[in-house]
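Each remark here refers to the structure printed beneath this line.
Bear in mind that the values here come from a model prediction, so they are computed numbers and not experimental data.
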Amino acid sequence: MKTIIVVGNGMVGYKFCEKFTTQSKNKDFKIIVFGEEPRPAYDRVHLSEFFENQNAKALEMAPAEWYKENGIDLIVDERVSDIHRNTKTIITAKNRTFTYDYLVLATGSSAFVPPIKGVEKEGVFVYRTIEDLEGMLAYAAKIKAKNPAAKAAVLGGGLLGLEAGKAVMDMGLEPHIVEFAPKLMPRQLDSRSSQVLQLKLESIGLNIHLSKATNQILGNGAIVGMEFGEDDVLDVEMLVVSAGIRPRDELGKTCGLEMGVRGGIVVNNKMQTSDESIYAIGEVALYNQMIYGLVAPGYDMAGIAVEQILGKEDSVMVEDIDMSTKLKLIGVDVASFGEPFMPASKGHSIIFENKTQHLYKRINVSHDGKKLLGGILVGDASDYSMLHQIYLNGMKIPEDPSQLILPASDGQAAFGDVMDLPNEAQVCSCESVTKGQICGVIESGEAKDLGDVVSCTKAGTGCGGCKPMVADLTSATLKSLGIEVKDSVCEHFDYNRQDLYKIIEVKGYTAFNEVLDNHGNGGHGCELCKPLIASLMATIHADTANKEYAIQDSNDRFLANIQRNGTYSVVPRVPGGEITPDKLIALGQIAKKYDLYTKVTGGVRIDLFGATLNQLPLIWKELIAHGFESGHAYGKSLRTVKTCVGSTWCRYGMDESVSFGIELENRYRGIRAPHKIKGGVSGCIRECAEARGKDFGLIAVEGGWNLYLGGNGGANPRHAELFAEQIDNETVIKYLDRYLMFYMRTAKPLQRTAAWQERLEGGLDYLKEVIIDDKLGIAEDLETEMQTLVNKFECEWTQAVNDPEVMKRFNHFVNSEEEDDNIVFVPLREQKMPEPWV
């Protein structure tokens, strides 16, 4: 058995391992992987998402168990310090020796730190690893504790610099981008597109400083500012350096491999270095005198190295590597493909620009107008995938090429259908998946829906930019085969959620059995259709969970969240997070009386844990007497509208966020929806209420509110998208009424607004047409339906304690008044917790 040692466990090193495990001859080799960092490979492309949930596990490419399951020895937190080519051995920093038959260098790159005087000061960071980010978070908390209005700068206005700017915003610091060049993203954008991007970023709170050469970092021990010239100083308390990358090529230098003049280990088209037993892949490899800083070429290199080691000598790297890319920077689409900067001698440029909407589109075409040569998109990159495919495959373009970036007269795309692509068209560049492969797994019966396609081909699992095209291809292929894509709720109904909504609305059904008997397939229903229909009837008739409690899930059945030892939590509503001292005292007294564990939640409420089933109505009764009501923490409904203190107290506040947050929470409380809903209202662009991480969010700006829609945290965090700018309170409520009702009418079961919005055909533009322009002619109906729900609101807790029949639900045993004596608590920091599971 031959041994392959992989040095570097980043994205490309992991991809080498993944591709190797899929090969039939992989059992003939033993793979040992070394990683410097203390964890398995993680997704560095989406590194900024760490600031939203600080969950390193969510970024993992694969857990440590995956390596074991595939017979790979993963050694983390250990650096390879030397290579002895004559004996084919490597030495680690822990002075351990390992022998190889093949060595794969996937050491990647490190952040380039310019030699600026004072750059070693405390508070100066690079933006590269999770450890870097953890250090930034800790330092940000430290400086904000001293100065809540602390500022931070990012040195570098390229792709990584703007990602770092987003990170600075997420940490609640005032962000400043400092760029040496006269424009942002100088390698990807021309001057005009860069200006449009700058306007957009400035509108959401980034401060941009161009043509700035940093002379020194100011401060005594810790950074207090950046000096650009004698009288040109920027006061900042933190600096993130993102000025480019340098290949981690030190191992190649010390063992005598051929090196590039400016760094990088020289490789041929087989990914071999000057030593045929040693391969280099990713950002450490110098191929065609270039270091490629995108993940897709690194993945291709990994695949070539795998096949070369397995003896497939015909498999070589292509000569011309496509550097096209589509990005979402701080919620702004940016894309470039082909030749973004093209001299007039090679062709013509067609430009569409709308600075009021922060849109810029440029395409470059050949002199004869028959070939698309490249382009740039800022603000709207929805056509990128198709334009990129036209460029890659040399497809025919319209006689008037401007139709490619301007709406066609009939409203249809000028470039035709996605099925017009050739089978060899590479749809997913990260995983090298073609249109033919996607259609093929469907045509063979191996894949029956989008989830199957992704599972079979891995398309869309990299950067995610190709997901819309993969979805379109899947739908079109299924349709071409005459296959109807069913999304029925369960075996008891041949309808989806939207169908059932319309049936219940038109027929006026108020009981589950009415729906089942008239439109079901027999049986008694299940845990999928019962809560769904309960939610629909609540949405349509403003019913509470008490109306037909038997069809609710366990939390709604008992109007409280069940915890892991069988007790329940009680979460009263605290609109906007505002609470009087008397109510605070009441909460404390009630928690003390019933010996409840108390915690302030992330949603500006106080959670009372450890209530037994029979205690629930007793606790509610006391809370109701003090003016509280159900916070619906257990329901698929509005949870909270988080607020900052706004202009009521804050010196930066531009509007009264607390008052408006309370108004919105009181308006939408109790409405039942496909999933939980959260809101946020921030009084200024410092965004202390984290409004852009909510299903709906408002940020006060000069002239009104900016409304953001479709964000959420959780396992797949997503920033809300800017929907409308500078609107007044009345317009906000009008748009939210329409948006929430449209979501409640059309979303799938248990689908958050973020996922619903992302999958909505036409995306945000279509949503604007429906909500703002009333394209479907239903705006008035949506407002009326919402007002009906608002008018009919009743507190479920109050209903329960006033109804003797409902009260019977809250006994531990149906034939006894005794309590459950199996519930055991143990002490925890002067409170209590459930006894740990054994």
- Task: Check the pair V6, F20 against side-chain contact (heavy atoms from CB on, under 4.5 Å), reporting the backbone distance first and the verdict last.
- Result: CA-CA 12 Å; V6 181; F20 209 95; over 6 Å; no
- Item | More than 12 heavy atoms from other groups under 6.0 Å of CG on D28 | yes
- Query: Within the distance-only criterion (no hydrogens, no angle test), does the side chain of S194 pair as donor or acceptor with the backbone N or O of L184 below 3.5 angstrom?
  - Reply: yes
- Query: Has the side chain of T434 got a donor or acceptor atom that lies under 3.5 Å from a matching backbone atom of E424?
  - Reply: no
- Message: Looking at D320, I want to see if its CG is surrounded by more than 12 non-hydrogen atoms of other residues, nucleotides or ligands under 6.0 Å.
- Response: no
- Flag, side chain of K458 to backbone of S455, donor-acceptor distance under 3.5 Å: no
- Task: For I90 and L103, run side-chain contact (heavy atoms from CB on, under 4.5 Å): C-alpha distance rounded to whole Å, both residues' side-chain angles, the deciding distance at 0.1 Å, then the answer.
- Result: CA-CA 9 Å; I90 60 105; L103 182 64; 4.0 Å; yes
- Neighbour count above 12 (heavy atom, 6.0 Å) for Y292 OH: yes
- Task: Decide yes or no on side-chain contact (heavy atoms from CB on, under 4.5 Å) for Y279 and T273, but give the supporting numbers first.
- Result: CA-CA 5 Å; Y279 295 78; T273 67; 5.7 Å; no
- Task: For the pair E122 (side chain) and A222 (backbone), establish whether a donor and an acceptor sit closer than 3.5 Å, ignoring hydrogens and angles.
- Result: no
- May I ask you to say whether D101 pairs ionically with K88, meaning some side-chain N is under 4.0 Å from a carboxylate O? no
- Query: Of the options K19, E60, M61, which is the one that meets Y14 in a side chain to side chain contact (heavy atoms under 4.5 Å, CB included)?
  - Reply: M61
- Keeping the roles fixed (side chain from R85, backbone from D275), state whether a donor-acceptor pair exists under 3.5 Å. no
- Identify the residue among I265, L105, T254 that makes a side chain to side chain contact (heavy atoms under 4.5 Å, CB included) with D249. I265
- Message: Salt bridge or not between E163 and K166? Use side-chain N to carboxylate O under 4.0 Å.
- Response: no
- Are there more than 12 heavy atoms of other residues, nucleotides or ligands under 6.0 Å from atom CZ of R96? yes
- Message: For the CD atom on E276, are there more than 12 heavy atoms of other groups (residues, nucleotides or ligands in this structure) within a distance under 6.0 Å?
- Response: no
- Taking atom types as modelled and ignoring hydrogens, do the side chains of S315 and E307 form a donor-acceptor contact shorter than 3.5 angstrom? yes
- Task: Might you confirm whether atom NZ of K371 has over 12 heavy atoms from other residues, nucleotides or ligands at distances under 6.0 Å?
- Result: no
